[in-house]
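Values below: every heavy atom of this structure, side chains too, minus hydrogens, waters and symmetry copies. These figures come from a predicted structure and were not determined experimentally. Letters A, B, ... are given to chains in the order of the sequence lines, protein chains preceding strands, and every chain is numbered from 1.
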There are 2 protein chains.
Amino acid sequence: MAVTIKDVARLAGVSASSVCRTLADPGAVLPGTREQVEKAVRELGYYPNRAARGLSTGRTGNLGVVLPDLANPFFASVVKAAQTQARRLDYAVFLSDIDEDPAVETMLIRALAKQVDGFLLCSPRSSDDELRAFAGHTPIVLLNRRIGPFPSVTVDAADGMRQALTHLHALGHRRVAYVAGPRSSWSNRERLRGLRSVAGTLGVDLVEVGNVPPTVEGGVSIADVVLASTVTAVLAYNDLTALGLLNRFHARSVAVPGDISVIGFDGILLSALVSPALTTIAVEMDRIGRVGVDLLLETMTDPGRTPIRRVLPAQLIVRASTGPARPS
Amino acid sequence: MAVTIKDVARLAGVSASSVCRTLADPGAVLPGTREQVEKAVRELGYYPNRAARGLSTGRTGNLGVVLPDLANPFFASVVKAAQTQARRLDYAVFLSDIDEDPAVETMLIRALAKQVDGFLLCSPRSSDDELRAFAGHTPIVLLNRRIGPFPSVTVDAADGMRQALTHLHALGHRRVAYVAGPRSSWSNRERLRGLRSVAGTLGVDLVEVGNVPPTVEGGVSIADVVLASTVTAVLAYNDLTALGLLNRFHARSVAVPGDISVIGFDGILLSALVSPALTTIAVEMDRIGRVGVDLLLETMTDPGRTPIRRVLPAQLIVRASTGPARPS
DNA sequence: TTGAAAGCGCTACCAA
DNA sequence: TTGGTAGCGCTTTCAA
């Protein structure tokens, strides 16, 4: 059997209360008591059972992180940063990959709710209403999504799209495709919104294709549609999709950027390594995770406050996959 | 306040015991009782508090997954599969990224031990002795590492290396470098061991360089050393490292495979997307995660049994990054 | 078949 | 400053 607080108390010759106190606030007991307890703790290798502690304090010391797909490097990076920050603040992390399935998402949130002090929902795929149903119960911070009552960390996608389209426009592109990601993705809608507005301003024809899954396969599957749309450049929902495009273009001997320019979104490591290297709209993935956790803790501390919405910058990184428009 | 079993009991007009029974084994109560309880559960949206349940049953329903670096797609894939399988079997997953730091690893295991029913340690970086100290306490399954008392899931690295080196030998390579990964990595030692033995048999000169971190940066940082070693081919600890090599070779205008052939290990998605596409020794990442969880559950069920060690195959995938040896 | 009671490990309150 | 006690939510005897 595992060593409990009673074992420590017995060995130290004090009550469980005193052990508890020593652990919580060593200054609150006599130095002698403290010594005894600390010695016993060391000898027995005692670690408190946090689940039991949670029962009495109402604070579990756990955070729930829910995300659509861990195989997407973007989410992996965000979660890594979130996990690291959580550990720094002495929280453990429950991880749930929902495989892009909204139903799994709401189920999981309900099931985990009592085991965590709060949730970090990365790009949640559920509807606004489903999400709102959780508001008020457990503290929730949204990553990559902004809706009514929740604190959130998002990216200035509109500005990113502005940079990208301005870049393409300067290179002479006048007809540009956007490969849409999942319909349930708020980011997708945001990116599209930003794009439409800038396209209008710049006088660029915007051709929307998709939706596709936010994966390499998604990009591969839509590449031929993009080519058929007679554009000279294409913006993809994210880097993975863009890589899928590059891949299929290469297979069909379509030159990038000679025949068509390609831009991704996220700035995952991979985007710098393919060739041609991918021009992309980069976001600070680790910062999203870190800030998300910070926000969540603030929310837990002070649930009543007005939800904070942090918007992080997006930055166009120009690489080899974009060039002058092919003369038409 | 969250809804508890008492609330359900009150609404259903039965005792807490009956609610509990209904949930555990609906056949054990009268149909009428069951109806009442199920109705109350539905109306209240009751979900049992698993932490509290764990306190009385001694079974938490949680699994701990510890890994060196979530930003490495190999681990991300393994964890994704593990998480999915765990959920299928109704377990939640505690995730801990230790950032390649052995000290963090042992700390975390101790701290989490009471909150989980077992651990999945992915490529643990701690020493054999440190690890053995945990044996007998909490059930542990090792991934990518084989030591005494633990069940494990590993990859037949020696066979993978045999395939790779045979391939290179057939292409005329007689002097080959190996870029070593982290010293604390058991996989690294295994790969090296396999390589040495095959190199001896084939009469291939093996040049060992490194160690480097198992990242793209690690590969970049060692690329020039590899070139200076006058080999015609290089095997890297893993795909990320290999990608780093490719990257730096490209920057120095060293042709792959014209001047030097490159082989990675793992078979991450990325390896297929770079150009030249990377020849690699692929392993079934999702199977590692899935089998790991299955093994862990078996171990939890029957702690006394002889530890099972599953060895999964490795398969050479030949792509564009390997070709005939440059005549010397 | 059901309910009452005890207890899982821990914390927090109240007296002493 | 300390120890006893009650209680967190749930399960599991044990009687009824």
Here the side-chain hydrogen bond (donor to acceptor under 3.5 Å, both in side chains) pairs for residues 72-84 of chain B, sequence neighbours left out, are A:Asp69-B:Lys80, A:Asp97-B:Lys80, A:Asp99-B:Lys80

So which pairs with a foot in residues 107-121 of chain B pass side-chain hydrogen bond (donor to acceptor under 3.5 Å, both in side chains), sequence neighbours left out?
B:Thr60-B:Asp117

Restricting to pairs with a member in residues 123-134 of chain A, which pass salt bridge (Lys or Arg N to Asp or Glu O under 4.0 Å), not counting sequence neighbours?
A:Glu100-A:Arg125, A:Asp128-A:Arg145, A:Asp129-A:Arg132

Quick check for you: to the nearest 0.5 Å, what is the distance between [X] atom [atom1] and [Y] atom [atom2]?
X: B:Ser126; Y: B:Ile109; atom1: OG; atom2: CD1; value: 6.0 Å
X: A:Glu105; Y: A:Cys122; atom1: CD; atom2: SG; value: 9.5 Å
X: A:Ser96; Y: A:Leu70; atom1: OG; atom2: CG; value: 10.5 Å
X: B:Thr299; Y: B:Asp302; atom1: OG1; atom2: CG; value: 8.5 Å

[atom1] of [X] versus [atom2] of [N]: gap in Å, rounded?
X: A:Arg59; N: C:dA12; atom1: CZ; atom2: P; result: 11 Å
X: B:Asp7; N: D:dC10; atom1: CG; atom2: P; result: 9 Å
X: B:Leu55; N: C:dG9; atom1: CG; atom2: C1'; result: 5 Å
X: B:Asp25; N: C:dT1; atom1: CG; atom2: C1'; result: 12 Å

Do any side-chain atoms of residues 40-51 of chain B form donor-acceptor pairs under 3.5 angstrom with protein atoms, and if so which ones, sequence neighbours left out?
residue : atom : partner : partner atom : Å
B:Asn49 : OD1  : B:Ala51 : N            : 2.9
B:Asn49 : OD1  : B:Ala52 : N            : 3.1
B:Arg50 : NH2  : B:Asp90 : O            : 3.0

Do B:Arg87 and A:Val104 make a side-chain contact, defined as non-hydrogen atoms from C-beta onward lying under 4.5 Å apart?
yes

Anything under 3.5 Å between a donor and an acceptor, one on a side chain of residues 19-35 of chain B, the other on a protein residue two or more places apart or in another chain? List them.
residue : atom : partner : partner atom : Å
B:Thr22 : OG1  : B:Ser18 : O            : 2.6
B:Asp25 : OD1  : B:Gly27 : N            : 3.2

Reading nucleotides 11-16 of chain D 5' to 3', which nucleotides get B (base under 4.0 Å from a protein heavy atom), which S (sugar-phosphate only), which -?
BBB---

Using the C1' atoms of the five pairs at each end, what is the angle between the end axes of the helix from C:dT1-D:dA16 to C:dA16-D:dT1, to 10°?
50°

What's the closest nucleotide to the B:Val29 side chain, out of D:dC10, C:dT2, C:dC8?
C:dT2

So, OP1 or OP2 of D:dG3: does either fall under 4.0 Å of a side-chain N or O from A:Ser15?
yes

Applying ring pair (Phe, Tyr, Trp, His ring centres under 6.0 Å) as the test, list every pair that has at least one member in residues 119-152 of chain B; sequence neighbours left out.
none

Restricting to pairs with a member in residues 82-115 of chain B, which pass ring pair (Phe, Tyr, Trp, His ring centres under 6.0 Å), not counting sequence neighbours?
A:Phe94-B:Phe94

Any residue meeting side chain to side chain donor-acceptor pair (under 3.5 Å) with A:Asp286, in chain and number order, not counting sequence neighbours
none

Nearest heavy atom decides the nucleotide; on that basis, is B:Val14 or B:Gly54 closer to the 5' end of DNA chain C?
B:Val14

Just to be sure I understand the geometry, which residues of residues 110-119 of chain A put a non-hydrogen atom under 4.0 Å away from DNA chain C?
none

Within residues 31-45 of chain A, the residues having a heavy atom closer than 4.0 Å to DNA chain C are none

